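For reference, the structure discussed in these notes is given below.
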Amino acid sequence: MSLPSIQVKQANVITCKAAVAWGPGKPLVIEEVNVSPPQASEIRIKIVCTSLCRSDLTAWESQAIFPRIFGHEATGIVESVGQGVTEFTEGDHVLTVFTGECGTCRQCTSGKSNLCQILGLERRGVMHSDQGTRFTINGKPIYHYCAVSSFSEYTVVHSGCAVKINPTVPLDKVCLLSCGVAAGLGAAWNVADISIGSSVVIFGLGTVGLSVAQGAKLRGASTIIGVDNNPEKGEKAKAFGITEFINPNDSKEPVQQVIKHLTGGGADYAFECIGDTGMVTTALQACCDGWGLTVTLGVPKVKPEVTAHYGIFLTGRTLKGSLFGGWKPKSDLPSLVDMYIKKEIQVDEYITHNLSFKEVNKAFDLMREGKCLRCVMHMEK
């Protein structure tokens, strides 16, 4: 007796709207794009909400890979799954992540790192699996960004670059946990491991910097200094834990000297959240001798090299880098979502604007002008 054959549902090409960047700094254009079905180990997601991260802005202004669909901080619902995918099914609610977790490579199994050799940060605008794209317009490829490309009604990601979340969680809020807020909290907790009663200085009070501040506050830091040249951020930053605010433009002394006066010789921890390698040097100089730790989180537009006098390191100061706050995305993000559900961390408070997807260029303008923390774009608003 022959057994009945198993029918596998075949996904089709979807035509949808996406915000396409055709060149550096040029306004994004809402275009109709074709989105291919997910290939093996991939899933196709219907994006519900996506927020603009500063790294999107930086890449849009400077990177050479175009045409491209930006966006990586997002939530959505699984529309279809590719061959071999067992972790996800249609209808699952997910967070997208710009750096994945395969669970089997040397980095993933080391217990020492959140990097992944297979699904690490993708810089070439293609999928991890076959180095191709899943977006086309008139048969021509449209490139991805960070293997996510959430500025599209539908996108395809590797199953290792998505995290299943509780379906009761508001998707328009927790999208911030797929990058900015998680990156800041993790830098404070996982990378720096801030101790009770310590002094902390944070350079750059955007979403990431203020998330570091929140993490420092929850760890019991006694002094949390925020440094930013936007005077409007001083008062708002207090809600996230900042106890002292410095605008370098108002100071007669170098900012590192001001910080040393405030902390009795230098901060225990310094965080560079701007993307300015010159400021990394300043942060190192603002730390105390012996154990001062500087963590750099920003993505520089220019001059990626860091310079510092070797004497800084001889006196015991340390410089560490932080990618996604040290979180292993698939292993660790569900616990952050649980903390949000229990109201143990602030997330909603970072959302300053709710926009429709067609207002994507307004979101870029607001961030460029320093008038927002996070703009959340709603696909169906």
Side-chain angles (χ1 to χ4, degrees), residues 53-55 72-73 95-122 146-148 160-163 165 174 176-196 198 200-204 206-221 224 240-241 268-275 280 283-284 287 291-300 306 317-340 344-347 350:
C53 177
R54 181 160 289 278
S55 59
H72 63 281
E73 197 173 83
L95 282 169
T96 60
V97 286
F98 67 91
T99 180
E101 181 183 349
C102 74
T104 59
C105 71
R106 181 186 180 191
Q107 293 284 342
C108 283
T109 58
S110 69
K112 301 176 182 179
S113 169
N114 71 327
L115 303 180
C116 177
Q117 291 171 294
I118 307 299
L119 302 174
L121 189 60
E122 209 298 308
C146 286
V148 175
C161 295
V163 180
I165 59 174
V174 295
L176 274 62
L177 290 177
S178 71
C179 185
V181 173
L185 290 172
W189 296 343
N190 303 326
V191 180
D193 193 16
I194 290 173
S195 56
I196 296 173
S198 58
V200 176
V201 59
I202 302 163
F203 294 84
T207 297
V208 174
L210 291 176
S211 298
V212 172
Q214 180 186 176
K217 178 183 177 181
L218 291 173
R219 276 293 179 90
I224 307 174
F240 299 96
D268 297 307
Y269 305 95
F271 296 84
E272 188 282 318
C273 305
I274 301 170
V280 173
L284 277 165
C287 277
W291 60 83
L293 171 64
T294 293
V295 178
T296 179
L297 296 84
V299 180
V306 175
R317 281 173 268 192
T318 303
L319 174 64
K320 294 183 74 173
S322 175
L323 179 70
F324 197 44
W327 300 112
K328 294 171 76 71
K330 296 178 80 69
S331 300
D332 298 334
L333 278 187
S335 66
L336 268 187
V337 174
D338 287 343
M339 292 183 74
Y340 171 76
E344 295 173 353
I345 56 172
Q346 294 172 277
V347 174
Y350 295 91

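Quick caveat: nothing in here was measured; it's all calculated off a predicted structure.
Nearest approach of A270 to C287, heavy atoms of both residues: CB-SG, 3.6 Å. Nearest heavy-atom pair across D268 and W291 is OD1-NE1, 2.7 Å. In terms of heavy-atom proximity, I224 sits nearest to G241 at CD1-O, 3.4 Å. What you find for F271 and A187 is that their closest heavy atoms are CE2-O, 3.6 Å. Across all their heavy atoms, A188 and A216 have their closest contact at CB-N, 4.1 Å. Across all their heavy atoms, A182 and L336 have their closest contact at CB-CD1, 3.7 Å.
For the atom pair NZ (K328) and OG (S110), the distance works out to 6.0 Å, reported to the nearest 0.5 Å. One distance of note links CG of L284 with CG of L293; it measures 9.0 Å at 0.5 Å rounding. Taking CH2 of W327 as the reference point, atom OG of S322 lies at 10.5 Å (rounded to 0.5 Å). Atoms NE2 and OG1, from H72 and T99 in turn, are 11.0 Å apart once rounded to the nearest 0.5 Å. Interatomic distance, D338 CG to E344 CD, rounded to the nearest 0.5 Å: 9.0 Å. Put simply, OG1 on T109 and CD on Q117 are 8.0 Å apart, with the number rounded to the nearest 0.5 Å.
Annotation: side chain of F240 is not in contact with side chain of K217 (no heavy-atom distance under 4.5 Å). Side-chain atoms of V337 and L95, non-hydrogen and from C-beta on, do get closer than 4.5 Å to each other. By the 4.5 Å heavy-atom criterion applied to side chains, L218 and W189 are counted as neighbours. Between E101 and N114, the closest side-chain pair of non-hydrogen atoms is not below 4.5 Å. You'll find the side chain of S195 reaches within 4.5 Å of the side chain of Y269, heavy atoms only. You'll find the side chain of E73 reaches within 4.5 Å of the side chain of L176, heavy atoms only. Residues E122 and C161 fail the side-chain proximity criterion, which asks for heavy atoms closer than 4.5 Å. Two residues are said to be in side-chain contact when any heavy atoms from C-beta on lie closer than 4.5 Å; R54 and V299 fail this criterion.
A donor-acceptor contact shorter than 3.5 Å is absent between the side chain of E272 and the backbone of A283. A donor-acceptor contact shorter than 3.5 Å links the side chain of K330 to the backbone of A162.
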Self-check item: Intermediate values then yes/no, side chain to side chain contact (heavy atoms under 4.5 Å, CB included), F98 and L323
Solution: CA-CA 10 Å; F98 67 91; L323 179 70; 3.7 Å; yes
Practice problem: I would like to know whether L333 and F324 meet side chain to side chain contact (heavy atoms under 4.5 Å, CB included); could you show each step before the answer? | Solution: CA-CA 11 Å; L333 278 187; F324 197 44; 3.9 Å; yes
